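Atom set for the values below is all heavy atoms of this structure, side chains included, hydrogens, waters and symmetry mates excluded. No experiment lies behind these values; they were computed from the predicted model shown. We name chains A, B, ... by the order of the sequence lines, and we start the count at 1 in each one.
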Amino acid sequence: MSVVTRFPPSPTGDLHIGSIRTALFNWLYARRLGGKFILRIEDTDRGRSSQQSVDIILAGMEWLGLDYDEGPYYQTQRFDRYGEVVEQLLAQDKAYRCYCSKERLEKLRADQMVRKLKPRYDGHCRSLDNVPTGGVAPVVRFRTPLDGAVVVADKVHGHITTSNTQLDDLVIARSDGSPTYHLTVVVDDIDMGVTHIIRGDDHINNTPRQVHILEALGAARPIYAHVPMINGSDGKKLSKRHGAVSVLEYREQGFLVGALTNYLARLGWAHGDQEIFTRDELKNAFDFEGLNKSAATFDLDKLLWLNQHYLQNVPSADLVAMAKPFFEASKVRLDDGPDVAAAVEAQRTRAKTLTEIVEQSHMFYGDIIRDKNAAKKHLRPAVEPVLQKIREKFVAVDTWSGAALKDIVEQTAIEFNMKLGKVAQPLRVAVTGSSASPSIDITLELLGRERCLERLDGALVYIAERAAT
RNA sequence: GCUCCCUUCGUCUAGUGGCCUAGGACGUCGGCCUCUCACGCCGAAAACAGGGGUUCAAGUCCCCUAGGGAGCGCCA
């Protein structure tokens, strides 16, 4: 039997980092076994669904490289099919029309709550002989067995038993005829031949209901694997107040696909002590055995660490290609400065995201903002002759190369009988405005002679003004 | 309230009855390297929720308690 998995998001907002992780698991599983991965848009809730959300889903899948073999299917395009199934169930008496008013249902629920009972539909319309008058448009309810129990074999939780007395007759078609979630998933999974359902464990409680529908339709059961949820740092459901929750935000913030997927895969799943996985390794290693049962807390620090790791290890050309759009989106003038590739190379070990690479490279392209504390500490009158001397040498040097510049800085330190750091650091602050930058020779080289001289002059003015007050 | 699920360092996790004086990773702290910031390297602190069993032996099996989460919609 070949494997078929699926990712069924509802287009009602952002593409949540938690749902994309289950998508990843489904994709990984299908890919490892040479199966099929299906994308299905669950848009039956027309009021909340939007094309914009669909676009976000599609863009997110593409960015993450989660390609699908079928789909996207849209449930709104399958209403005829659902209607057919509802009729079939009705004809077989496995479902029935319910004419209960919303008021009656609400009262029922309220009563059950005060009696400390689990709120359930009471089966009022289960065996109606004739259509009640009053003109209430009926819904269709599924006839759930009154007794017995369902046992669901789950790949991560083992056997989960649910007594049918805990379940009630759920609505499978609304009064306007549209199908509800439980019906559509089951029908779709059957029709699309889904063999493995990997989803969040918030669906554990839904599974027995779906199994009943599945069996009423005479279909074979798929294999279930309910994966733990991802929580925010306070242990609560991951939401916006914990930071970025939408996949595309991570892209905008300069995270690499490899890092994000690597991180997500390791939340709720492990393969021994391995932390770093290439996509192929992930594909080959992913299995249900490694899945965890308990919810995981999203840890941005670890994601950042992984991202930095990837930043350091991807081939230069790839990194540059990934960084370019970020440079272009920033306001700097790329034509007035070093080649982007050189800037990226200079920054890659000291940045955690692509956006940081760009921010730290601003000094190569635009004006600098002099860090007050750094200036105060390093641009003292005492270094004025040193910077003056370096300036002269900068003017005179033939080739503006890192090696030559390094030589100048070192020689100057010797001339003034100073430690290298005492010379390099003020120089750094002078030409970059900040006390942190790539090594001084590379920084100078990328800045270029003209810019270095300009900024050196600016720093000398600063020192002069400072001495005057 | 009812039902179901979950519980190893702050966090992600290894662990499938003896190899566990509980391992790895992030983070934190200390050190080395060093022109700064990083990278890298070395080291430290840090956990089996609690209580009962079962067993020669329990983080690992069972039960209870506590805590957390989810579901209980004409949402998905």
Practice item. Can you measure from CD (A/Q166) to NZ (A/K118) and round to the nearest 0.5 angstrom? Key: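 Rounded to the nearest 0.5 Å, the CD-NZ separation comes out at 4.5 Å.
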[atom1] atom, [N] versus [M]: distance in rounded Å?
N: B/U8; M: B/A25; atom1: C1'; answer: 15 Å
N: B/A22; M: B/G59; atom1: P; answer: 11 Å
N: B/G52; M: B/G27; atom1: C1'; answer: 37 Å
N: B/G18; M: B/C62; atom1: P; answer: 16 Å
N: B/G50; M: B/A66; atom1: C1'; answer: 7 Å

Review point. Where each residue is assigned the nucleotide of RNA chain B containing its nearest heavy atom, which of A/G290 and A/D168 is assigned the position nearer the 5′ end?
Key: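 Result of the comparison: A/G290.
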So for atom [atom1], which belongs to [X], do other residues, nucleotides or ligands contribute more than 12 heavy atoms lying within a distance under 6.0 Å?
X: A/Q52; atom1: CD; value: no
X: A/N417; atom1: CG; value: no
X: A/K155; atom1: NZ; value: no

Check your understanding: Base, sugar-phosphate, or nothing: which does A/V139 touch, judged by heavy atoms less than 4.0 Å apart?
Key -> base
Atom-pair distance ([atom1] on [X]; [atom2] on [N]), nearest Å:
X: A/D301; N: B/A25; atom1: CG; atom2: P; result: 17 Å
X: A/Y121; N: B/G73; atom1: OH; atom2: P; result: 13 Å
X: A/L108; N: B/C72; atom1: CG; atom2: P; result: 16 Å
X: A/Q274; N: B/C26; atom1: CD; atom2: P; result: 14 Å
X: A/D273; N: B/C26; atom1: CG; atom2: P; result: 12 Å
X: A/D299; N: B/U28; atom1: CG; atom2: C1'; result: 12 Å

Review point. Is there a Watson-Crick or G-U wobble partner for B/C72 with both distances under 3.5 Å, and which nucleotide is it?
Key: B/G1
Point to revise | Partner nucleotide, any strand, of B/G43 [Watson-Crick/G-U, under 3.5 Å] | key: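 B/C29 - that is the nucleotide pairing with B/G43, both distances being under 3.5 Å.
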Practice item. Give, ordered by number, those residues of residues 176-184 of chain A having at least one heavy-atom distance below 4.0 Å to an atom of RNA chain B; if nothing qualifies, reply none. Key: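 Close to the strand are A/T180, A/Y181, A/H182.
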Practice item. Side chain of A/Q425 only, please: which of B/G24, B/C35, B/C74 is the nearest? Key: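 In terms of side-chain proximity for A/Q425, the closest of B/G24, B/C35, B/C74 is B/C35.
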Check your understanding: Choosing from B/C35, B/A76, B/A25, which nucleotide comes nearest the side chain of A/L420?
Key ->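 Closest nucleotide among those given: B/C35.
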Let's test your reading of the model: under 3.5 Å, does the base of [N] pair with the side chain of [X] as donor and acceptor?
X: A/R428; N: B/C35; answer: yes
X: A/S175; N: B/C74; answer: yes
X: A/R350; N: B/C37; answer: yes

Practice item. Describe, in one word, how the ring planes of A/W269 and A/F286 are oriented to each other, choosing from parallel (under 30°), tilted (30 to 60°) and perpendicular (over 60°). Key: tilted
Point to revise | Residue list, side-chain hydrogen bond (donor to acceptor under 3.5 Å, both in side chains) with A/K422, at least two apart or on another chain | key: none
What are the atom names and distances for every N/O pair under 3.5 Å that joins the protein to nucleotides 2-5 of chain B?
{"unit_1": "B/U3", "atom_1": "O4'", "unit_2": "A/Q166", "atom_2": "OE1", "d": "3.2"}
{"unit_1": "B/C5", "atom_1": "O3'", "unit_2": "A/H157", "atom_2": "ND1", "d": "3.0"}

